[in-house]
Asker: 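Before I ask anything, let me first share the structure, which is written out below as structure tokens.
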Amino acid sequence: MFGIGPLELVVIAIVAVLVFGPDRLPEFARTAGRLLRQVRQMVTNAQNDLRNELGPEYADLELQDLNPKNFVRKHLLEPMDEDDKPVANFADTTPQRLPAGAKPPYDPEST
């Protein structure tokens, strides 16, 4: 949970008892729980509003997809074919030699 281990949770609990006192700690925990619930509800509402405004083509949008690392992984590193064939890596291909006397390919639009 948030990268916090059991030992850190115990230390946080001890510090909380010392700072807030045992009589005010339950009230503080209730307030923190309400605040966390409200923040989660606001985030869920914002996600739903974003999906509704973007339209049906973005109905499966996840906010994690907007992270640049996930975006690159999803759109560039994963195969683009529907058949799940691996995408050709042009750096791994070796150039093909033309047979003797053959003319190289020519594209008139490139010049």
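This structure is a prediction, so every number in the text was calculated from the model and none was measured.
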Asker: Say whether V17 and F28 are linked into one hydrophobic cluster, either directly or through other cluster members, by side-chain heavy-atom distances under 4.5 angstrom.
Answerer: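 In one cluster with V17: F28, yes.
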Asker: Would a single hydrophobic cluster contain both V15 and F20, if residues Ile, Leu, Val, Met, Phe, Trp and Tyr are joined by side-chain heavy-atom contacts under 4.5 Å?
Answerer: yes
Asker: Could you measure the distance from the CG atom of N45 to the CG atom of L50? Nearest 0.5 Å is fine.
Answerer: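 It is 12.5 Å, given to the nearest 0.5 Å.
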Asker: Let me check something: do I12 and V10 share a hydrophobic cluster, defined by ILVMFWY side-chain heavy atoms less than 4.5 Å apart, either directly or through other members?
Answerer: no
Asker: At what distance, to the nearest 0.5 angstrom, does CD of Q41 lie from CG of L36?
Answerer: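 The CD atom of Q41 sits 12.0 Å away from the CG atom of L36.
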Asker: Which heavy-atom pair separates P104 from L98 by the least distance, and what is that distance?
Answerer: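 The answer is CA-CD1, 3.5 Å.
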